[in-house]
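Notes to accompany the following structure.
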Amino acid sequence: MAKLENKVAVVTGAAQGIGAAILKRLLEDGAASVVAIDINQEQLDQTAKELDASSEKVIPMKCNIADRNEVTDVFKKIYEKLGKVDILINNAGITRDSMFHKMPQDQWDAVISVNLTSVYNCCQAVVDKMRKQEYGKIINLSSTSAWGNVGQTNYSASKAGLLGFTKSLAKELAGKNITVNAIAPGFIDTEMTRSMPEAAKSMALMLIPAARAGNPAEVASVVSFLASDDSSFVTGECIKVCGGFLM
Ligand code: CAA
């Protein structure tokens, strides 16, 4: 039996990078349906087509997850179409890096709402039903920046916020057979790290004991573990995927 047979998963930020790698891995693990959410419709449709040419398993849905009403609408459609959500992977995230003394409020607000409030929005949309079905896997993509990084007070606050959120929700839901875990990727080869200033990038790479960037599939394989029943007694954890950068 495939690891995720009959399971319905939702992945946010699924159009590219780590999110697209997660989609691919969940399909390989045999998920019945994977809803791919992103704000970038064009890139999302292209990724969905590349991974599932027959459109049988990947269902792309455009949504701004920072907007509570849009999230409510999109999950209503998901439940009407698929009847349940077993796995929610809160992956979407943005950076608006700036030294704090130069950071305008719109950069703070954008990062907190897309990276943190969105997770409140998506969890609100599934938790009641997961409690009723007494099954669920919630996985939140945090970051090693939760432990602090120059130029990222907004991003670090959002990603550290996710760790507290994960642990509290894990305690609330553990008795209902729902696990809530986090993953903290370090320097992974994606558009986000590619767009860093060259000097910051080489400095970051120098600090990784594995002496290389990670790739999105190496994050997706940890998602695969946390999304499956192989991790049934693991909850409230954060697994770092960073080549030894933080231990
Ligand atoms: N440590 C200490 N001081 C630093 C520093 C560092 N790492 N980097 C810059 N500074 C200092 C500079 O020396 C300079 O000081 P003075 O003003 O006294 O001369 C000051 O900060 C400003 O430096 P810049 O001229 O470079 O400032 P800037 O405003 O143009 O850019 C920055 C600053 C936004 C931090 C920029 O350097 C940057 O984008 N750095 C990369 C941030 C980063 O690591 N982002 C990670 C993105 S990937 C990701 O987030 C994925 C994940 O989950 C891990």
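Residues take their numbers from the sequence shown, with the count starting at 1. Just so you know, ligand 1 is whichever comes first in the structure, and atom 1 is the first atom listed for that ligand. Just so it is clear, the structure is predicted and the values come from calculations on it, not from any experiment.
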Worksheet item: Which atom names give the shortest non-hydrogen contact between Pro185 and Leu141, and what distance separates them?
Response: CG-CD1, 3.8 Å

Item to complete: List, ordered by chain and residue number, the protein residues whose closest non-hydrogen atom lies under 4.0 Å from any atom of ligand 1.
Response: Thr95, Asp97, Ser98, Met99, Lys102, Ser143, Ser145, Asn149, Val150, Gly151, Gln152, Tyr155, Gly186, Met192, Thr193, Met196, Pro197, Ala200

Could you tabulate the donor-acceptor pairs under 3.5 Å formed by side-chain atoms of residues 164-173, not counting sequence neighbours?
from, atom 1, to, atom 2, distance (Å)
Thr166, OG1, Asn140, ND2, 3.0
Thr166, OG1, Leu162, O, 2.6
Ser168, OG, Gly164, O, 3.2

Worksheet item: Excluding sequence neighbours, so at least two apart, what forms salt bridge (charged side-chain N to carboxylate O under 4.0 Å, His left out) with Arg96?
Response: none

Discussion item. Assess whether a salt bridge exists between Arg25 and Asp29, defined as any Lys/Arg side-chain N lying under 4.0 Å from an Asp/Glu carboxylate O.
Written reply: yes

Worksheet item: Does a donor on one side chain and an acceptor on the other come within less than 3.5 Å for Lys240 and Thr144?
Response: no

Response to the item:
Quick note, salt bridge (charged side-chain N to carboxylate O under 4.0 Å, His left out) partners involving residues 198-223, not counting sequence neighbours, are Glu198-Lys201, Arg212-Glu218

